[in-house]
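Heads up: the structure comes next, in structure tokens.
Since the model is a prediction, treat every value here as computed from it, not as a measurement. Residues take their numbers from the sequence shown, with the count starting at 1.
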Amino acid sequence: MINRRQFLKAAGLCGLSLTISPFILKHRAMAALPGNLMFAAPSTIPQIIHVFLYGGPSELAGNLTNIDEISANSQNPYPGGVIGDRTANNFWGNAGGTFMEQMLGNNELSIYRTVNRVKDTSRAHGHCVAQNLAGNLDLDNAGIATTLAALVDKYNLFNKPVDDLLLPFVSFEGDSRVFNPGDLDIPVVLRPINLNSNFNNPYARKRNSSLDAQNDDINDRALDNLANGVSAQFPQFGKVNNAFIKRAELAAFIENSFNSDQIAADLPVDPDTGMQLVYPNTNFGNRLRAAVSLAIKNPETIFISLGSGGLGGWDDHSNALTNYPGRIRGLMEALQVAARHLSLMMANNIVINVFGDFGRNVNLNDAGGWDHGNNQNLYTIGGSGIPGRALGKLVGKTQRLGTPYQNRQFTSPTGDSYQCEPFAIASTVFRYFGVLNPELLTGELPIDESGTVPNEKA
């Protein structure tokens, strides 16, 4: 006998919900999307790779503009090696700045330096993570990915039954609030599938001792025949047989399309070097390689949640100058390879967004770290083929504020600078997918990438 969980897994329902989330199984009244949303089908269907930096990264890797004044007013001065390590656009060279300059110069990256929490100034991790991954002030709101799934369902984005879509929502980081269902009811196929960098197949059946333990093919045929026979005898169970068919389709797709060796073999040769692209052989580098490869291979995968696991956390209250530069350098090195990968494959509909809980103070405290702050950077890569999107931009000007020599110094947008709430990132994603008034979903207008925002690039 197979138990209930094994049956759900065999039917393709377990992997589709990351582990059968209690949010999905509990009975509750479901809310709909706002009825006054305006939608126009996008000419290009985007694909989003969502990299969330849990813990709240410092902005300093992407913004040393104010470092002289910061150091002069800090409880503990910054060493000259930091102050003197500025690139042409005031990136921190040793903290990934050289990779940022390369991507910026190649029009593969834009950086928004003034993503600033003003409406809710809480700097508590759980609070800010929940809001930023919902793209909304409401902590209980559905996650960005779930809202996007509801939009796909409502507007039939692919002009085909959603049940026919392959792997539309994928997580390479396990469970995440970005998939929080909130009060939205979405089809099972639009719920997230959990994969890893080796594409261990969540749809591959494991041997069942009650069947032929020596023959997986007999196991498969026995289960499929059982489902087919039950649905033939009891038509009301036809959906079970359809789920078995879908499981086999997904299993074959993953098995035939993805494994570590195949992904590595499919990486393009860079004509500038004559060498095949190589991602950093790190936990994050391997997962990013898998995510980019999946997005290129399967245009129906429209949202991939990645996190930044393997690089370490970003809650740098102490020893920041020792730990932070290498960590963010590893992040940016992998992103630079990904940007080149997308460019060489002409995959100009794929966007990689990178941001976190909040920013940090810029005072170097007595533990050699930074405490929580409001202002952070958004790093956004690729997607040059999406209408209205501009790359190669450096947006936002900052000033240092706070009482000298105390542990509450921070940067803030200057009076004439562009700034936005983190929720504007979600609005921008929804706009890419055709929502003309995404502020109804997030309370924020999209980030202005139309070219009207000043470009502060050197």
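- Here His50 and Phe355 bring their ring centres to under 6.0 angstrom of each other.
- In this structure, Tyr54 contributes its side chain and Gly356 its backbone to no donor-acceptor pair below 3.5 Å.
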Show every donor-acceptor pair shorter than 3.5 Å between a side-chain atom in residues 150-159 and any protein atom, with sequence neighbours excluded, or say none if there are none.
residue, atom, partner, partner atom, Å
Asn156, OD1, Asn159, N, 3.4
Asn156, OD1, Lys160, N, 3.2

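- Taking CD1 of Ile352 as the start and CG of Leu306 as the end, the distance is 8.5 Å to the nearest 0.5 Å.
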Between Arg329 and Asn94, is a side-chain hydrogen bond (donor to acceptor under 3.5 Å, both in side chains) present by the stated rule, with each step listed? CA-CA 7 Å; Arg329 186 170 62 248; Asn94 192 47; 3.2 Å; yes
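- A cation-pi arrangement is not found for Arg177 relative to Phe179, the charged atom failing to lie both closer than 6.0 Å to the ring centre and inside a 45° cone about the ring normal.
- For the residue pair Asn323 and Arg327, no side-chain donor N or O sits within less than 3.5 Å of a side-chain acceptor on the partner.
- Listed for the Asn180 side chain is no donor-acceptor partner under 3.5 Å among the backbone atoms of Ala142.
- With salt bridges taken as basic N to acidic carboxylate O contacts below 4.0 Å, none links Arg113 and Glu456.
- In this structure, Gln47 contributes its side chain and Ala295 its backbone to a donor-acceptor pair below 3.5 Å.
- Scanning all heavy atoms of the two residues, the minimum distance from Asn374 to Arg123 falls at OD1-NH1, 2.9 Å.
- Look at Asp316 and Arg360 and you find no salt bridge, because none of the NZ, NE, NH1 or NH2 atoms lies under 4.0 Å from a carboxylate O.
- The side chain to side chain contact (heavy atoms under 4.5 Å, CB included) check on Leu344 picks up Pro268, Asp270, Pro271, Leu277, Arg340, with sequence neighbours excluded.
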Going through the distances and angles, do Thr414 and Gln399 end up as a side-chain hydrogen bond (donor to acceptor under 3.5 Å, both in side chains)? CA-CA 6 Å; Thr414 61; Gln399 58 188 332; 5.9 Å; no
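- In this structure the side chain of Val337 reaches within 4.5 angstrom of the side chain of Pro280, judged on heavy atoms.
- Between the side chain of Asn365 and the main chain of Gly369, a donor-acceptor pair closer than 3.5 Å is present.
- Without hydrogens or angle criteria, Ser318 side chain to Ala367 main chain gives no donor-acceptor distance under 3.5 Å.
- At least one test fails for Arg86 against the ring of Trp92: distance under 6.0 Å to the centre or angle within 45° of the axis.
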Let me see the working for Asn349 and Thr44 under side-chain hydrogen bond (donor to acceptor under 3.5 Å, both in side chains), right down to the final yes or no. CA-CA 7 Å; Asn349 68 315; Thr44 299; over 6 Å; no
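- With a 4.5 Å cut-off on side-chain heavy atoms, Leu37 and Leu441 count as touching.
- One N or O on the side chain of Ser171 and one on the backbone of Gly174 form a donor-acceptor pair closer than 3.5 Å.
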Determine whether Glu444 and Glu439 satisfy the following criterion, side chain to side chain contact (heavy atoms under 4.5 Å, CB included), listing intermediate values before the conclusion. CA-CA 5 Å; Glu444 296 295 324; Glu439 61 272 16; 5.8 Å; no
Verify side-chain hydrogen bond (donor to acceptor under 3.5 Å, both in side chains) between Asp120 and Gln131, making sure each step is shown before the conclusion. CA-CA 10 Å; Asp120 182 345; Gln131 287 183 335; 3.0 Å; yes
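- Within the 3.5 Å criterion, the main-chain N or O of Lys119 finds a donor-acceptor partner in the side chain of Glu421.
- Of the charged side-chain nitrogens involved, none lies within less than 4.0 Å of a carboxylate oxygen, so that Arg289 and Asp266 do not count as a salt-bridged pair.
- A distance-only check finds a donor-acceptor pair linking the side chain of Asn286 to the backbone of Thr282 [under 3.5 Å].
- Within the 3.5 Å criterion, the main-chain N or O of Asn73 finds a donor-acceptor partner in the side chain of Gln409.
- Between Thr403 and Arg408 there is no side-chain heavy-atom pair separated by less than 4.5 Å.
- The residue from Asp357, Leu331, Asn377 that alone fulfils the side-chain contact (heavy atoms from CB on, under 4.5 Å) condition with Leu53 is Leu331.
- In this structure, the side chains of Phe433 and Pro46 come closer than 4.5 Å at one or more pairs of heavy atoms.
- Across all non-hydrogen atoms, the minimal contact from Asn361 to Asn407 is ND2-O, 3.6 Å.
- In this structure, His125 and His372 have perpendicular ring planes: the angle between them is above 60°, well past the 30° mark.
- Without hydrogens or angle criteria, Ser417 side chain to Lys397 main chain gives a donor-acceptor distance under 3.5 Å.
- Summarising the geometry, atom CG belonging to Leu335 is positioned 10.5 Å from atom CZ belonging to Phe99; distances are rounded to the nearest 0.5 Å.
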